[in-house]
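These values consider heavy atoms only, across backbone and side chains, with no hydrogens, waters or symmetry-generated copies.
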Amino acid sequence: MSNLRLCGYISYFEIMNLRLSVYFFLVLVLFLSCRTPLPEISSESIIAKKQIISIRWNTEDPILQKVFSEIFPVPPAIPLEENPQVANSLVKEKTFELSEINHLAVVIRSETQRPFYSIGVSLLALTMVYYGRMDTQAELIWNSNESNLHRISSLSTSETVWAPMPFYIGTGSSVVAPILSTNKYPSHIQKYCIEEFPTRLRETLEQPQSKNCQDYELYLRRLLLANYETIHPQLKEWEKRSSDWFKP
């Protein structure tokens, strides 16, 4: 019986040492890693940003509310509680039906870390590189005054992280990291930033809500910048839906 207990203790300590080793190398990756920089918009788009797109819009997503008006040349979002009063007063004064972007939201349709691709890249680097990747497909959706659902689909983004590592450790980290970083999926950080408050246990095992919101903001910036040339013309088209627009 004592031998069985001893074997049990040895197995337990071996597992704990393995976990500590994995976490150590993941921390090492964070310090030595290189990350894909945020996309940049073209010089033509920078010039076009000087022309304000006169639309009224609102959203229930506080992070999107901040980022969207910083990236695109649109007025600040109208607070939802003020929106009906503003709309009604303008309808009476201007005698036309407002065309608005209501409840703007980002819906993440698919996401993958592409583990086999990451492992292949690490093997090509002779197992001395940790390589991680996150690809997503998302949509920008909203309602109009006609209660129709509008969307801008096929908004894709890709982010890679890599770091030099010792022999075999690079590939090992590329294998283990996707398993241990499921809390880094954009849909997960979106959920525990704007939809649900994480429990204390979840914050201990994963990360605080504030860090989720930081990561979510970074994801939104990457998504909107990467698809700027797709979204901007659609906003311009939306501006033309009314003959007269409110100028803030």
Side-chain angles (χ1 to χ4, degrees), residues 12 15-39 57-71 76-77 79-81 102-115 118 130-143 151 155-163 173-227:
Y12 172 78
I15 294 173
M16 291 302 297
N17 287 334
L18 178 60
R19 287 183 176 179
L20 289 174
S21 300
V22 170
Y23 284 123
F24 170 77
F25 285 115
L26 289 179
V27 170
L28 184 64
V29 165
L30 292 177
F31 281 102
L32 300 178
S33 63
C34 297
R35 188 179 298 269
T36 305
L38 288 175
W57 64 285
N58 59 60
T59 178
E60 297 173 344
D61 184 336
I63 309 300
L64 180 61
Q65 177 179 337
K66 172 188 175 183
V67 174
F68 195 78
S69 58
E70 290 180 357
I71 293 179
L80 287 172
E81 62 273 11
N102 294 319
H103 304 287
L104 184 68
V106 169
V107 178
I108 301 169
R109 295 300 185 188
S110 65
E111 51 198 345
T112 176
Q113 296 194 57
R114 301 187 64 183
S118 299
Y130 161 76
Y131 187 90
R133 178 167 176 161
M134 179 70 73
D135 293 346
T136 70
Q137 289 281 337
E139 289 183 339
L140 204 59
I141 65 172
W142 68 89
N143 293 322
R151 67 184 70 221
L155 303 179
S156 60
T157 184
S158 180
E159 181 183 10
T160 59
V161 180
W162 65 273
S173 300
S174 300
V175 172
V176 174
I179 302 173
L180 299 180
S181 61
T182 54
N183 63 305
K184 289 295 185 178
Y185 278 96
S187 61
H188 186 90
I189 59 177
Q190 180 189 50
K191 176 180 179 180
Y192 289 105
C193 172
I194 65 172
E195 297 176 12
E196 295 183 24
F197 192 86
T199 63
R200 183 173 299 180
L201 176 61
R202 183 177 293 278
E203 287 193 318
T204 301
L205 296 176
E206 296 179 356
Q207 60 186 19
Q209 185 188 34
S210 59
K211 186 63 170 66
N212 284 327
C213 291
Q214 290 176 13
D215 291 345
Y216 179 51
E217 179 178 340
L218 183 61
Y219 168 73
L220 285 182
R221 290 187 183 279
R222 186 177 301 279
L223 178 72
L224 298 179
L225 286 171
N227 297 277

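Using a 3.5 Å distance cut-off with no hydrogens or angles, the side chains of Lys184 and Gln113 do not pair a donor with an acceptor. There is a side-chain donor-acceptor pair under 3.5 Å between Thr36 and Thr160.
In terms of heavy atoms, Ser69 sits closest to Pro76 at CB-CA, 4.5 Å. Shown here for Leu224 and Phe68, the closest heavy-atom pair between the two residues is CD1-CD1, 4.1 Å. Pairing each heavy atom of Cys213 with each of Ile63, the nearest pair is CB-CD1, 4.3 Å.
Looking at Ser174, its side chain does come within 3.5 Å of a backbone N or O of Tyr131 through a donor-acceptor pair. Judged by distance alone, with hydrogens and angles left aside, the side-chain atoms of Gln65 form no donor-acceptor pair with the main-chain N or O of Ala77 at under 3.5 Å. Between the side chain of Asn102 and the backbone N or O of Asn58 there is no donor-acceptor pair closer than 3.5 Å. In terms of modelled atom types and a separation under 3.5 Å, the side chain of Gln190 and the main chain of Val106 share a donor-acceptor contact.
For the pair Tyr185 and Ile108, the minimum side-chain heavy-atom distance is 4.5 Å or more. The shortest distance between side-chain heavy atoms of Leu140 and Arg151 does not fall below 4.5 Å. Between Pro62 and Ile194, the closest side-chain pair of non-hydrogen atoms falls below 4.5 Å.
For the pair Glu206 and Arg202, the salt-bridge criterion is met [side-chain N within less than 4.0 Å of a carboxylate O].
Here the options are Gln207, Lys211, Gln209, Glu217, the test is side chain to side chain contact (heavy atoms under 4.5 Å, CB included), and the partner is Ile189; only Gln207 passes.
Using cut-offs of 30° and 60° for the angle between ring planes, the Tyr192 and His188 rings count as tilted.
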